[in-house]
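Let me begin by presenting the structure, written as structure tokens, before commenting on it.
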Amino acid sequence: MIVKELLRKKLKAALEECRAAGTLVSAEFPPVVIEIPADPAHGDFATNVAMQLARSEKKAPRVVAAVICDQLAASVDIFEKLDIAGPGFINFRLKPGFWQGLISGMLSAGDSYGHSATGAGRKVQVEFVSANPTGPLHIGHGRGAAIGDTLCRLFAATGWDVSREFYYNDAGQQIANLARSVQSRCLGIEPGDPTWPEDGYQGEYIVELARAYLAGESVTADGKVVTASKDPQDLDGIRCFAVAALRREQDLDLQAFDVSFDNYFLESSLYSDGLVESAVQRIIAKGHTYEQDGALWLKTTDFGDDKDRVMRKSDGGYTYFVPDVAYHLNKWERGFVRVVNEQGADHHSTITRVRAGLQALDAGIPLGWPEYLLHQMVTVMRGGEEVKISKRAGSYVTLRDLIDEVGRDATRYFFLMRKPDSQLVFDIDLAKDQSSDNPVYYVQYAHARICRIFESAAEGNLSAAADQAALLVTVEELDIIRKCAAFPEMVEAAAVNFEPHRITTFLHELAALLHCFYNRHRVLGDDRNLTEARLYLLAAVRQVIANGLALLGVSAPERM
RNA sequence: GUCCCCGUAGCUCAGCAGGAUAGAGCACUUCCCUCCUAAGGAAGGGGUCGGACGUUCGAAUCGUCUCGGGGACGCCA
């Protein structure tokens, strides 16, 4: 139960009662907003509804507030204090018993505390990472993987039926370039040589691929085994081998990052299954195209673009967004009422084109479908300087480099600390720091600390006791309960707004409250009842921290 | 030129479907372990919320303009 929601209902009911009694006369009431005041002295919650009503009531805000307060005080008994403050705020302070009573619900919900049924089992697909198999995953993919994975976890936690999808191109220009690059290495050609392919891939991994190919190795990827033919002239064979090997590498990277997918979708299948051609024909039939300069154009300006775009080039090939449209039509036909594409912000210009293409299909697809979550760039800092070079990839920092150096938990946490809209500076020194300066450890330590207390408690045959909850009356204890009680709405907001960073922020705040409490009060003390009450509280905190970390895909260690 | 994101403490960033003295971490100055892990806590200094105008009882939050920084604008993918 979300406490704010409860209050909102009580307040709405009180307004209606006032109207029935004639003490309020407004024809309509504004949406009731309940907020948590910045200054805790103002109470647990506050509402501005009296100020909003002042105009239609033709009374001073504080007078309106008094009317509402009287009604609330008469009909609801959860308030310890109700008062009117400032220009007309109504401040609420709930009885300690109300807060103490919330703990049992947190513990009985257990691992699902904070979850909701908002999604009502509807299907949502999240497409993320979607890296082409032309090299190891880089740090930008890492951010996308962390954000996309956590978004999936958030959707699952809020009642959606989530499907995780990874889309890649195994046959385009970039792949041909990859094959040529590996072939060149097989033939002993190096970057800089006259015959080295233009824009060839130069990373060390290309050398490794050539070596493996010539050695006749076998790789397994996406359920298929590919064995190298060893023949440097077999460009197609090299392509298949290189793609399989890099897909496998990427899978290992993702596995190390604890990110998994339900479905891998190949761009080539769109062509082989005729989906591109049928989508194009359908758009033509709907009259949204024209021929000009030997090319086929889509009138994207009919759908908000600033100029029309070429669909089929004069050489007969399709431009890159066409298979994307066919792909998304396929997603729609698979029954996903919601689709979220998590991508780097540098792909932002494709959004208008894909949506325009989908509208041109006239397939009943809603205007804002699919949704997009774009993340900004990542820069990596070490020793106060930007890191740009990877030993493996040559020109960029790989996800694997990061995971190997700072660990999975810290890598994920750091990627999720900032809102996707903000550019991210990844400080390797801080991420590796095994101290409280490191926000990951700070949160994990709070969890481990509680676990340790429970171990000590067990040795003294002490355990949490719900019936002593009334003893939890200090500021620190009530602050903790209030924070834990706000967890479900935070999860909801993080899911609705695609904002995983709300979770890291929340966890850091909760951990701070826990550490503060720990330093001011002794849990295992002489007073057995109080000890059991505090253990009861800590059990809830441990659960909330564990649940929050689970949403991030970060471990909750019992010992550190 | 058009579009998107960002601009809040020295640094990295929260806060932004408007609300009551603007927050955290790092860095800096002090202090707290005979006691459940000091990977912790307490206290302190540090701000024209890029700027201007507007809407409002009230703006870091909304609108317009403007100045910075980043990204995207292809018959490349």
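Throughout, protein chains are lettered first and strands after them, A, B, ... in sequence-line order, and every chain is numbered starting at 1.
- With rA20(B), rG71(B), rC35(B) as the candidates, the nucleotide lying closest to the side chain of His42(A) is rA20(B).
- Among the protein residues, Ala54(A) comes within range of no part of the nucleic acid, since none of its heavy atoms lies under 4.0 Å from any strand.
- In this structure, Asn169(A) reaches the sugar-phosphate backbone alone: every heavy-atom distance under 4.0 Å involves primed, P, OP1 or OP2 atoms, never a base.
- Dashed line: the shortest gap from a side-chain N or O of Lys419(A) to OP1 or OP2 of rG15(B) is under 4.0 Å.
- By the rule that a glycosidic angle within 90° of 0 means syn, rC32(B) does not qualify and counts as anti.
- Base pairing annotation: rA17(B) forms no Watson-Crick or G-U wobble pair, as no partner gives both donor-acceptor distances under 3.5 Å.
- Aromatic rings from Phe487(A) and Phe506(A) are positioned such that their centres are separated by under 6.0 Å.
- Atom CG in Leu373(A) sits roughly 13 Å away from atom C1' in rC5(B) (whole-Å rounding).
- Rounded to a whole angstrom, the distance from the C1' atom of rC6(B) to that of rG15(B) is 15 Å.
- Side-chain nitrogen and oxygen atoms of Lys313(A) include at least one within less than 4.0 Å of the OP1 or OP2 phosphate oxygen of rA77(B).
- Nucleotides rG47(B) and rA24(B) place their C1' atoms 15 Å apart, quoted to the nearest Å.
- Side chain to side chain, Asp170(A) and Ser268(A) meet the donor-acceptor criterion of an N or O pair below 3.5 Å.
- Where Val310(A) and Ala46(A) meet RNA chain B, the nucleotide closest to each residue was compared, and Ala46(A) sits on the side nearer the 5' end.
- Put simply, CZ on Arg353(A) is 7 Å from P on rC73(B), counting in whole angstrom units.
- Looking at heavy-atom distances under 4.0 Å, Val425(A) makes contact with sugar-phosphate atoms alone, never a base.
- Nucleic acid contact for Ala446(A): none, since no nucleic acid atom lies under 4.0 Å from a heavy atom of the residue.
- Between the P atom of rC75(B) and the CG atom of Asp308(A) lies a distance of 11 Å, rounded to the nearest Å.
- Listed pair Arg534(A) / rC36(B) fails the phosphate criterion, with no side-chain N or O lying under 4.0 Å from OP1 or OP2.
- Between Tyr327(A) and Tyr167(A), the ring-plane angle classifies as parallel under the 30° and 60° cut-offs.
- Arg55(A) comes within 4.0 angstrom of sugar-phosphate atoms only, judged by non-hydrogen atoms across all strands, and of no base.
- Toward the 5′ end of RNA chain B lies the nearest nucleotide of Ile90(A), the other residue of the pair Ile90(A) and Arg452(A) mapping further downstream.
- Here the P atom of nucleotide rC33(B) and the OH atom of Tyr518(A) are 14 Å apart, to the nearest Å.
- Between Lys307(A) and the phosphate of rG74(B), there is a side-chain N or O to OP1/OP2 separation shorter than 4.0 Å.
- With hydrogens and angles left out, the side chain of Asn91(A) and the base of rA20(B) share a donor-acceptor pair within 3.5 Å.
- When both distances must be under 3.5 Å, the Watson-Crick or G-U wobble mate of rC26(B) is rG10(B).
- Residue His501(A) places at least one side-chain N or O under 4.0 Å from the OP1 or OP2 atom of rG15(B).
- With hydrogens and angles left out, the side-chain atoms of His42(A) and Arg93(A) include no donor and acceptor closer than 3.5 Å.
- Distance noted for atom C1' between rU48(B) and rA59(B): 15 Å (whole Å).
- Aromatic ring pairs are classed by plane angle as parallel below 30°, tilted from 30° to 60° and perpendicular above 60°; the pair Tyr264(A) and Tyr168(A) is perpendicular.
- Summarising the geometry, the separation between CZ on Arg418(A) and C1' on rC26(B) is reported as 10 Å, rounded to the nearest angstrom.
- The Gln173(A) side chain lies nearest to rA77(B) when the options are rG19(B), rA77(B), rG70(B).
- Of the candidates rG41(B), rC75(B), rG71(B), the closest approach to any side-chain atom of Ala295(A) belongs to rC75(B).
- Across Leu416(A) and Pro500(A), no two heavy atoms sit closer than the pair CD2-CB, 3.8 Å.
- Counting non-hydrogen atoms of other residues, nucleotides and ligands closer than 6.0 Å to CD of Glu476(A) gives a total above 12.
- Pairing partner, rC73(B): rG1(B), with both Watson-Crick or wobble hydrogen-bond distances short of 3.5 Å.
- In this structure, Trp297(A) places its CH2 atom 10 Å from C1' of rG74(B), rounding to the nearest Å.
- The interatomic distance linking Arg355(A) (CZ) with rC3(B) (P) rounds to 17 Å, in whole Å.
- Contact check, Ser349(A) against rU2(B): no side-chain N or O comes under 4.0 Å of OP1 or OP2.
- Between Glu558(A) atom CD and rA39(B) atom C1' the separation is 17 Å, expressed in whole Å.
- Using the Watson-Crick or G-U wobble rule with both distances under 3.5 Å, rU55(B) pairs with nothing in any strand shown.
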